[in-house]
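Working notes, structure below.
Each chain gets a letter, A, B and so on, in the order the sequences are listed, and its residues count up from 1.
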There are 2 protein chains.
Amino acid sequence: MARAQFDKQQVLENASNAFWRLGYNATSMQTVVAETGLKPGSIYLAFGNKEGLFKESLDFYTQQSLAKLEAILTQYDNAEAAIPHILMNLINESCQTEYCSCFLVKSQLELNADQTELKEYVSQQLRKVETLYQSYFLKSHSEEEASARAASLMVHIFGIRVYGYHSHSKEQLIAAARIGLPWLIWPNNA
Amino acid sequence: MARAQFDKQQVLENASNAFWRLGYNATSMQTVVAETGLKPGSIYLAFGNKEGLFKESLDFYTQQSLAKLEAILTQYDNAEAAIPHILMNLINESCQTEYCSCFLVKSQLELNADQTELKEYVSQQLRKVETLYQSYFLKSHSEEEASARAASLMVHIFGIRVYGYHSHSKEQLIAAARIGLPWLIWPNNA
DNA sequence: CTATTTTTTGAATGATCACTCAAAATCTTG
DNA sequence: CAAGATTTTGAGTGATCATTCAAAAAATAG
């Protein structure tokens with residue numbers, strides 16, 4: 001058996017960057033060909049079709065995101081102390097000029113009712129993030145309280161992802177997060 | 001001079017519904033032709049091109065949204081009492097099966113850096129909404145406090161719009177809004 | 001009614017879309 | 001190295017895209 005010659009992780013990174021930046025519909029397979037350097041036939045052999053490539057790109061992005069979150073969550077004694085750190089990273093990101101929000105949030109909103117399968121796939125990835133937070137809250141809270149906190153946190157993260165996409169008022173985002181999530185342990189310095 | 005024969009408002013309602021539901025890129029002009037009943041030539045004479053039609057669709061949607069908000073805001077003595085009413089409407093909407101989020105939020109996230117002009121146009125519409133809230137807060141707060149409250153409110157609205165697009169847990173959205181926006185005057189009943 | 005201006009019609013256009021496939025290249029096995 | 005299995009190549013396919021335009025219809029002006 002001849003093995004695949006190209007670096008699949010590298011291809012997925014390039015492809016997911018294109019999908020992330022341009023969106024699913026605006027990213028043509030010709031764009032993917034240009035971004036990855038692969039020829040059409042190779043892409044179709046490895047990923048089946050555009051949907052298949054998109055799904056694997058989503059997986060790639062989600063796995064990376066979850067790993068980053070875990071890395072921070074495990075640095076702290078409890079989730080309530082770790083999350084301000086995560087939120088501050090998020091807000092700082094959103095002030096970069098080349099900021100293009102969150103791949104999952106963008107994809108979720110772009111896909112419509114006629115693309116049920118892909119849309120459901122994105123929802124699954126978003127639920128993985130919510131479930132991660134929930135599992136950390138469960139360490140010191142009831143199931144009900146943990147899921148309420150995770151939902152409230154997700155609403156704030158989504159809000160910051162969208163607000164940050166068109167406005168870059170860092171201080172107001174911090175203020176909104178501090179007021180909106182009073183049960184977190186915020187550091188004293190701004 | 002021969003006047004336009006078709007009902008422009010009706011055409012814009014149909015067009016903006018298509019753009020809202022499917023997104024800018026996934027809505028072909030052939031779709032618009034089918035949805036509005038107009039022939040291509042008529043659309044291009046009236047709106048110039050796809051971008052022009054999209055902009056007027058955004059205007060149509062924004063004007064309708066702002067009118068609905070004003071209608072509720074003027075029913076109450078102050079914004080802090082009116083906004084829970086608005087948020088409850090939003091949350092109830094987001095639990096409908098055919099819910100497709102907010103046209104402006106979806107458009108903002110769909111448009112990328114290569115479509116600067118359209119993206120900026122959507123940002124303007126979103127700022128109109130934020131400015132409306134801000135103007136109501138200004139009636140009883142400092143400029144600083146008013147803009148902070150408007151920003152925090154927008155973050156919550158965006159968050160609800162996104163969270164509601166993939167999950168329909170009404171009670172948790174209400175809880176998140178109540179905790180996250182404690183300076184609003186919430187009614188006692190759930 | 002006639003002349004003029006404007007709108008409507010809808011088939012047609014070139015560009016781009018997702019995707020294919022037969023031939024060539026490359027790898028693994030023995 | 002030779003045989004067999006797999007991957008790569010890249011021009012090519014039909015479908016769909018945004019848009020055009022000349023001819024027909026309709027509205028207004030005088």
#### Entry: Contacts of type side chain to side chain contact (heavy atoms under 4.5 Å, CB included), residue S123(A), not counting sequence neighbours
Q108(A), E120(A), R127(A), H166(B)
Identify all pairs in which a protein N or O lies below 3.5 Å from an N or O of nucleotides 20-23 of chain C, and state each distance.
none

#### Entry: Nucleotide dT9(C), atom P - distance to CG of L38(B) in whole Å
7 Å
### Task
State which residues pass salt bridge (charged side-chain N to carboxylate O under 4.0 Å, His left out) with E13(B); sequence neighbours excluded, sorted by chain then number.
none
### Query
Please give, in whole Å, the distance from dT9(C) P to F6(B) CZ?
10 Å
### Message
The criterion is salt bridge (charged side-chain N to carboxylate O under 4.0 Å, His left out); which residues satisfy it with R161(B), sequence neighbours excluded?
### Response
E93(B)
### Message
Strictly by ring-ring contact (aromatic ring centres under 6.0 Å, His included), give each pair with a member in residues 42-70 of chain B just once, sequence neighbours left out.
### Response
F19(B)-F54(B), W20(B)-Y61(B), Y24(B)-F54(B), F54(B)-F103(B), Y61(B)-F103(B)
### Query
How long is the line joining CG of L45(B) and P of dA25(D), in whole Å?
18 Å
### Task
Taking side chain to side chain contact (heavy atoms under 4.5 Å, CB included) as the test, write out the residues that go with K170(A), two or more places apart.
I91(A), N92(A), C95(A), I174(A)
### Task
Look only at the side chain of K139(A) and the backbone of A79(A), and say whether a donor-acceptor pair between them is shorter than 3.5 Å.
no
### Message
Going by side chain to side chain contact (heavy atoms under 4.5 Å, CB included), name the residues that satisfy it together with D77(A), two or more places apart in sequence or in a different chain.
### Response
none
### Query
How close or far is atom C1' of dT19(D) from atom CZ of F47(B), stated in whole angstroms?
16 Å
### Query
Quick one: N49(A) CG to dC19(C) P, roughly how many Å, whole number?
5 Å
### Task
To the nearest Å, give me how far apart CG (D7(A)) and P (dT7(D)) are.
16 Å
### Query
Under 4.0 Å between a side-chain N/O of K39(A) and OP1 or OP2 of dG10(D), yes or no?
yes
Identify all pairs in which a protein N or O lies below 3.5 Å from an N or O of nucleotides 14-17 of chain D, and state each distance.
none

### Message
Run the side chain to side chain contact (heavy atoms under 4.5 Å, CB included) test against E143(A) and tell me which residues pass, sequence neighbours left out.
### Response
L138(A)
